Structure formats: C-alpha cells, structure tokens
Amino acid sequence: MTHLFTLETTGCGLSWFTDKVFDFIVTTNVPDLFPTRNCCTDLRCKLSLFAGMGNSTTCNNHLGIPPAKGPNAVGCSDFMMDHTVKGTFFRLYYPCVAYEDAEKPDWIPSKEYFYGLADFMNINRGLSELIFNYLFGSFKIPAAMNAPYKQNGKCPVVVFSHGLGAFRTLYSAICAELASQGFIVAAVEHRDESAAATFFYHGKTEEPEEKEEESLPPKPNPGAPENLLEEWMYYRSLKPGESEFPLRNKQVLQRADECIKALDILIQINSGKKMENVLGTEFDWMTLANSMDLCRIAVMGHSFGGATVIEALCNEVNFKCGIALDAWMLPLDEEIYTRVKQPIFFINSEKFQWAGNIMAMRKLVPPDSSSTQRKMVTIKGTVHQSFPDFTFLTGNWIGKIMKLKGEINPQVAIDLCNKASLAFLQRHLGMDKDFNQWDHLIEGKDDNLIPGTNVTELP
C-alpha cells in the first residue's frame, strides 16, 4: 500500500517519525544536550529541540511553506456544495486583490485533522495531537483567506486531487503557485475514506450516515450552519486479509467523480448561477462569474491523486490534459489505459518508483515514444514527500531521516515541478503566456532532471 505519509511497502513517512518523537520525548534529558543552558525539561522544550534538528539553530523560525512566485497575490476560500457526505468539498485558490494584513489560514484547519493523522498511523490521538500541533500547528498557508477575487481576464482551471491520507490543504505550495500564475485551482477533499479526515453535516432531524467503521457521533459545532450537526469521516484502513485492489479501485472511481463534480460546480459558478455554500464563507462567489476559461481545464494530483488524474481524464472530456505527480497506479483498472486520449505528464521522484509501477505508466507513455502529448520526467534527489508541503516544515537532518526531504533542496525541487507543470499546461491548454521558457523541463533537460525514469524497467 502507498499513501501520503506512511508507505508500508517502502517504509517511508510519518509513522516512523512519530515513533522517533515518542522515543525522543521519553529518553531525552534536554539539559544533558545543553549543559550550560538553563533549559526546561518539559515536552514543549523537547519538541522544540526535535523540530529544529538539522537547522542552523534549534528553532523552526526559518521553516515554512514558501510564498508563490507569480505576478498575482493569492487568495483562498472553502466551498461545500450539499451538506451531506454525497456533496462536494474543496478549497479554491485564485488570483486576488492584494492588501496588507490579510488573514492567512492555518495549514492544518482543525484538531480533527490531527486526530485523522493519528488514526491513519495507528497512534494515540491525545499525544499525537500535542506533537503535531506543536510541530506544525503554527504554520500558515501562503494565501489570503477569503480575499476578493482579482478581475483580470479569464483564468484557466485546475482541479487538484490529494494523496492517500492527505486532505485539501497539504499541497498549498503547488496550488498557490498555480494561482499566482493566473489559474483558478480547486483542491478537492475526498470523501471516499482515503483522506486522513474530512467532515460533512446532517440535519438535526436526519439520521447519521451509516459507516462500516466505528466513528465519533455527530456533534454540535458553534461554527456549523444552523440546524446542522458536524460529522467527521476518518481514513479507512484495510481490514485483516482484505485485498487492496477492490477497495482502492472503488475509491479511485469515487475520487474521479468528486473531481468532476467540483468542475461542474465551478462551471455553474462561472455561469453566474448563485450557488449555496454550506460553509457560508465571507468570500463573494458571485465575483467569479465569467472568470474562468472553460476551454482550458486540467486535472492534477499526487500519488493516489495521480491515479485519480488518469481516471478523471478517462471520464471527463472537459479535462484537456493531466499532470500526475509520483503517481501510484495500483488502483486503476487495466482497461482504462486504452481509453485515455488526453495529454499526460508524469513527474516522478527518484526514490519512490519501482518497475511494476513504471510499467503501468508506460502503457500511457511508451519509452520509445516521440510524442509531445505524453511525457515522463524524474526529479533527481527527491522522495515521495517532495511534493506535499511537509517537505518545507522540518529541519534538513530530521527531514531526511523522516523521508520528508530528499537530497535536493526542497525549494529547487518544487520549483522544477511547478515550472515544468506550467510549461506543460501552456502547451496543451493553448495559453498565451511565457511558460514556454521552461519547455526544456518537459523533456527532462536540466541538471536536476532525468528524462523518463531512473528505475530499471522490465522488458
């Protein structure tokens, strides 16, 4: 199984990290490390020390999600259509009106997402919430919450699908960069039980949704819409003896459908139709009327989200091309490969891929193909977690041990990913921009890129 944080088949991710944190808390005597310093020995001090390991200092002041580099300021807002579990939920990133002192949202929106990460990694909720909140709770997304949309022509659209065990906020470095370059990006939060956590509502007179897994009962939330109870859905793990493909295939079908539903909502918003946002955010969604270029729509995703890209392309012709970041191909039916007609770009990490997974990609991108429609590159020195934001939020030494960082500078890696993606989008969406200055990256022509793959391929 592969997923965003814990890769059981490759031993990569935060479950290893959390074990090390627990060991560190229990065994470390902080004054022994700094005998001349009057340092407290409580949990806060130990976590601060752990978070800063590998930096030039022992604090994490220099860590953070990098700001977007495009010419536009970036805003974001959440949208939920239909309060039930069958509804659609996404975070929208868009070019916004720049203003000082704009509110930046928390990277982790609420404590329930910490609970979801804990359940996902099968660790204690209470202690893990404290650890995650201290290490990551202060980080902000580099976008202004509910900032006014900046009217400046029609924007191309990207729908983004997160990896297994992730949620809508964890790829903000990529989504914000696209928005800064003039895109409108909908980062879907999936409700197929592949997210670490997500939520929906039901009426106080409605029966709660039935689930196979035991979950917390619905609860009142002061921030919830009137007459609705908030209900949380957490990651569904494989049951003992359960085969993985049937579950993941069912999930990828739902994920693709959720991406298509998100696009349908954007199309209606663009038409000027007043859409009811269950969340009642301050953002004026009517300002997005006639803001989107609906001839220029793409789908993008990481890991399980990469497989979702392929499935969505197969089922929605409005997606003109797709970008799959370190895709995990297991969830896909064999028959789907011949049905996908749109251009696809695989951007892989150096350390995650294996021969069987590459073989599946080769059904879409043959190794001897000279086509400009289908491309594959590998970023040297990267790991599977070089794409989500976690790679920016730990010190170098700990980040590498946790496999949240590779050998390459994470900023260099994400810049290569973003620039190559922009060049591919311009090429296949027919955009009139200057992103073609990075066309060489699509071909893998850079000191930090490998054309195709580094994996020894099976005959």
Side-chain angles (χ1 to χ4, degrees), residues 66-74 92-96 150-161 171 173-187 259 263 266-267 270 290-302 305-306 309-310 312-313 316-327 340-348 364-365 369-379 387 412-446 448-449 451-452:
K69 296 183 175 181
N72 299 293
V74 178
L92 196 76
Y93 295 83
Y94 53 88
C96 77
K150 178 184 176 182
Q151 300 285 349
N152 187 22
K154 292 190 175 184
C155 299
V157 175
V158 173
V159 176
F160 192 96
S161 173
Y171 297 85
I174 292 173
C175 295
E177 179 61 26
L178 290 174
S180 78
Q181 300 287 354
F183 289 80
I184 287 176
V185 183
C259 289
L263 176 59
L266 293 179
I267 291 172
N270 188 70
N290 205 34
S291 67
M292 303 174 215
D293 188 340
L294 300 183
C295 294
R296 295 179 169 91
I297 303 171
V299 61
M300 186 174 186
H302 171 246
V309 166
I310 309 303
L313 287 172
E316 178 53 73
V317 295
N318 281 318
F319 290 129
K320 303 304 181 185
C321 64
I323 299 175
L325 308 176
D326 229 13
V340 179
K341 307 303 181 185
Q342 300 96 315
I344 302 169
F345 189 19
F346 290 100
I347 304 178
N348 294 335
L364 296 165
V365 189
S369 173
S370 59
S371 169
T372 61
Q373 300 281 307
R374 307 283 177 86
K375 293 293 181 182
M376 181 192 300
V377 300
T378 300
I379 305 176
F387 300 94
V412 172
I414 209 70
D415 281 350
L416 284 168
C417 175
N418 287 336
K419 289 175 180 178
S421 297
L422 288 166
F424 188 81
L425 291 170
Q426 172 162 323
R427 176 182 292 183
H428 296 291
L429 297 183
M431 299 167 59
D432 184 19
K433 297 282 188 177
D434 63 352
F435 305 151
N436 57 352
Q437 65 181 298
W438 301 310
D439 275 354
H440 61 284
L441 301 180
I442 302 174
E443 310 299 329
K445 296 178 180 178
D446 184 272
N448 288 307
L449 293 177

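Owing to the predicted nature of the structure, the values given are computational and were not obtained by experimental measurement. Note that these values count all heavy atoms, side chains included, but never hydrogens, waters or copies made by symmetry.
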field: His428 (side chain) donor-acceptor with Gly322 (main chain) under 3.5 angstrom
entry: no

query: Taking all non-hydrogen atoms of both residues, which atom of Ala179 and which atom of Val74 are closest, and how far apart?
result: CB-CG1, 3.8 Å

field: Qualifying salt bridge (charged side-chain N to carboxylate O under 4.0 Å, His left out) pairs, either residue in residues 413-422, two or more places apart
entry: Lys69-Asp415

query: With a 4.5 Å limit on heavy-atom distance, are the side chains of Phe387 and Ile347 in contact?
result: yes

query: Do Lys445 and Pro451 have side-chain heavy atoms sitting under 4.5 Å apart?
result: no

message: Just so I know, are the side chains of Phe345 and Val377 near enough to count as touching, which here means a heavy-atom distance under 4.5 Å?
response: yes

field: Validation row: Cys321, Phe424 side chains within 4.5 angstrom (heavy atoms)
entry: yes

query: Taking the side chain as C-beta and beyond, is there a heavy-atom pair between Leu92 and Leu266 under 4.5 Å?
result: yes

query: Which heavy atom in Phe319 sits nearest to a heavy atom in Ala312, and how many Å separate them?
result: CD1-O, 3.8 Å

message: Between Tyr171 and Phe160, is the ring centroid distance below 6.0 Å?
response: yes

query: Is the Trp438 ring parallel, tilted or perpendicular to the Phe435 ring (thresholds 30°, 60°)?
result: parallel

statement: For Ile442 and Ala420, the nearest pair of non-hydrogen atoms, with its separation, is CG1-O, 4.0 Å

- prompt: What's the spacing between Gln437 CD and Leu422 CG if we round to 0.5 Å?
  reply: 9.5 Å

- request: Could you grab the distance from atom CE of Met300 to atom CD1 of Ile174, nearest 0.5 Å is fine?
  value: 5.0 Å

message: Please check this pair: side chain of Glu316 against backbone of Asn318, looking for a donor-acceptor N/O pair closer than 3.5 Å.
response: yes

field: Check: Gly301 main-chain N/O paired with Ser161 side-chain donor or acceptor under 3.5 Å
entry: no

- request: Indicate yes or no: at least one non-hydrogen side-chain atom of Ile379 is less than 4.5 angstrom from one of Leu449.
  value: yes

- prompt: Any sub-3.5 Å donor-acceptor pair from Arg296's side-chain atoms to Gly430's backbone N or O?
  reply: yes

- prompt: Is there a side-chain contact between Lys320 and Gln342, using heavy atoms and a 4.5 Å cut-off?
  reply: no

field: Nearest non-hydrogen partners of Val158 and Phe183, listed with the distance
entry: CG2-CD2, 3.7 Å

field: Backbone N/O of Ser291 and side chain of Asn270: donor-acceptor pair under 3.5 Å
entry: yes

query: Counting distance only, does the side-chain N/O of Asn72 pair as donor-acceptor with the main-chain N or O of Pro95 below 3.5 Å?
result: no

- prompt: Do side-chain atoms of Gln181 reach the backbone of Leu178 as a donor and acceptor pair under 3.5 angstrom?
  reply: no

- prompt: Given side chains that start at C-beta, do those of Leu313 and Val299 come closer than 4.5 Å, heavy atoms only?
  reply: yes

